[in-house]
S.K.: 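This is the structure, below, for whatever I ask next.
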Amino acid sequence: MAVRLIVISAIILACILFNKVSSKLGIPALLAFLVLGMFFGSDGIIKFQFDNYLFTEQISTVALIFIMFYGGFGTNFDQARPVMTKSILLSSFGTIFTALSVGVFCHYVLKIAFAESLLIGSVISSTDAASVFSILRSKRLNLRYNTASLLEVESGSNDPFSYMLTSLCLTFMNSSVSAGSVVWMLMLQIVLGVGFGFVLAHFAFVFMKKYEFCHAGLDTIFMVAVAIASYAVPVALGGNGYLSAYICGIILGNRKIENKRALVNFFDGVTVLMQMLLFFLLGLLSTPSKLPQIAPIAIAVALFLTFVARPIIVFTVLLPFKSKLGQCAVVSWAGLRGAASIVFAIMTVISPAHVDNDIFHIVMFIVLFSILIQGSLIPFVSKKLRMTDDSQDVMKTFNDYLDEVPVQFMRFTIPEHHPWTGMAIKSIVFPPESLLVLIIRGDKKIVPTGNTILHYGDELVLSGHASDHIDGVNLYEKIVEGSDEINGMRIADLPSTEKLIIMIRRGESIIIPRGNTRLKENDVLVINEPDN
């Protein structure tokens, strides 16, 4: 057990290191995770034998749940609203057209059986949210005309359509089904996926508003349960779980939720970990020595997909909206294929449906081509087409944009006989570069104006600059023991040192010390000792 944990830890550390290296080289980090998996795999240097497709499919499904949920949770709907129609058309009709066009190409040009051709087209029909998000954020790609939001919504919402098409093709290949049953299956997938996405998001929002969590972090655990349920419940009833997870995420991510910053930080970290796990497992499962055998088919499909199918659907959808040619070209080029396509390809392996080609490795090759060529050149293509604008900020298209702003809050209560009691806000000189943002008076929360009068007992909340690290601030804790010399002493009587007690935790109370504050046994002191 210990050896396995050490190996897992080493792999995660290697992924983090590869992330840094790939960023400097300008190569998408997700490609590095995939290559690292190949390095450990049966054809790599480590030669770890792993061919459990069913296990990989189950783990990949869990990873995709969090990736899709957070894809919605992190998308700023206000920024995406102007391009929502175009994005949905690309993610729905665009995915269907891509699947059909690639299917026709594979059948008539590559001479693959028609059903299998449609299956290949369906598996590879969606663009990859993880890859697109990763490149937009890591490269701070500030694109004109809300193009970043368009790509985010499209790539985040088209995987469910690709999943439906893949499931439909496998159903056709496994058994004879009527047209009516096909329509019913599609309707059930969409209606239950959309319906449960909305219902579970509403339930979660109302619950979090009315229920007071007794411990810090329970709201995060609750949100994890919601993300899992948003997939599992509709799937159990025949619906599309990925569609439900995405819709649930985008609704909750755009509602006013307490402690949202902590939720964003948690899901951001979990999603990165899931991406590492997903791409590493897929690389581990692959057999690179098989790639040359399927290279002719894979290259042909990749070129057709990149230079024919994708441009046709993008220009067809966007030009009627009077989109700029540069925007159409960038959106066309940014149609990256990724993890979801490989996961759907695994479905073809574990399905009893008969196929004549190695679809898993064909899709793996296409994904490698897409991430390496298209992903690496997105910044270059965007600049050449003059689609970048430094006055824009791509981070505004994500719901955690505020997390980039260094702001922190300070809360204190006005004591009796304080000079501020009875004074108007406009007459008070607050600390430099700070702002009074809220007054808590009993059960009331007051947004202050210049004429607001302060009362004894008011709790004031001030905002100011925050910093992750300040030289000279090194905090540690000390518990006052009964035998300590300082036990019972006042702060003013303590020996003069370079140490400063900045806070005292006494039971459930937090005390900001003053000169006459007397220390007691079991007090927890938070002390700053500058490192000189």
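Counting begins at 1 with the first residue of the sequence.
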S.K.: Restricting to pairs with a member in residues 236-256, which pass ring-ring contact (aromatic ring centres under 6.0 Å, His included), not counting sequence neighbours?
M.R.: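 Passing the test, one end in residues 236-256: Tyr163-Tyr242, Tyr231-Tyr242.
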S.K.: I need the full list of salt bridge (charged side-chain N to carboxylate O under 4.0 Å, His left out) pairs touching residues 323-342, with sequence neighbours left out, sorted by first then second residue.
M.R.: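 Found none.
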S.K.: For Ser323, what residues pass the side chain to side chain contact (heavy atoms under 4.5 Å, CB included) criterion, not counting sequence neighbours?
M.R.: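 With neighbours one apart ignored, the set is Lys86, Leu318, Phe321, Gln327, Cys328.
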S.K.: Thr348: which residues meet the side-chain hydrogen bond (donor to acceptor under 3.5 Å, both in side chains) condition with it, sequence neighbours left out?
M.R.: none
S.K.: What residues, two or more places apart in sequence or in another chain, satisfy side chain to side chain contact (heavy atoms under 4.5 Å, CB included) together with Asp51?
M.R.: none
S.K.: Output all residues satisfying ring pair (Phe, Tyr, Trp, His ring centres under 6.0 Å) with Phe365, sequence neighbours left out; order by chain, then residue number.
M.R.: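 Testing Phe365 for ring pair (Phe, Tyr, Trp, His ring centres under 6.0 Å), a comparison that skips the adjacent residues, returns none.
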S.K.: State which residues pass ring pair (Phe, Tyr, Trp, His ring centres under 6.0 Å) with Tyr53; sequence neighbours excluded, sorted by chain then number.
M.R.: Phe360
S.K.: List the residues meeting ring pair (Phe, Tyr, Trp, His ring centres under 6.0 Å) with Phe266, not counting sequence neighbours, and say none if there are none.
M.R.: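 Ring pair (Phe, Tyr, Trp, His ring centres under 6.0 Å) check on Phe266 returns nothing, list empty.
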S.K.: What are the two closest non-hydrogen atoms of Tyr145 and Val83, and how far apart are they?
M.R.: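 Looking at all heavy atoms of both residues, the shortest contact is O-CG1, 4.2 Å.
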S.K.: Side-chain polar contacts of residues 288-303 - donor-acceptor pairs under 3.5 angstrom, sequence neighbours left out - could you list them?
M.R.:
residue : atom : partner : partner atom : Å
Ser289  : OG   : Asp43   : OD2          : 2.5

S.K.: List, one per line, each side-chain donor-acceptor pair under 3.5 Å for residues 91-114, sequence neighbours excluded.
M.R.:
residue : atom : partner : partner atom : Å
Ser91   : OG   : Ser87   : O            : 3.3
Ser91   : OG   : Ile88   : O            : 3.0
Ser91   : OG   : Ser157  : OG           : 3.2
Ser92   : OG   : Ile88   : O            : 2.6
Thr95   : OG1  : Ser91   : O            : 2.6
Thr98   : OG1  : Gly94   : O            : 2.7
Ser101  : OG   : Phe97   : O            : 2.9
Ser101  : OG   : Thr98   : O            : 3.1
His107  : ND1  : Ile112  : O            : 2.8
His107  : ND1  : Phe114  : N            : 3.4
Lys111  : NZ   : Tyr108  : O            : 3.2

S.K.: Among pairs that include at least one residue of residues 229-254, which meet salt bridge (charged side-chain N to carboxylate O under 4.0 Å, His left out), considering only residues two or more places apart or in two chains?
M.R.: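 Residue pairs passing salt bridge (charged side-chain N to carboxylate O under 4.0 Å, His left out), neighbours aside: none found.
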S.K.: For Phe40, which residues count as a ring pair (Phe, Tyr, Trp, His ring centres under 6.0 Å) partner, sequence neighbours excluded?
M.R.: Phe280
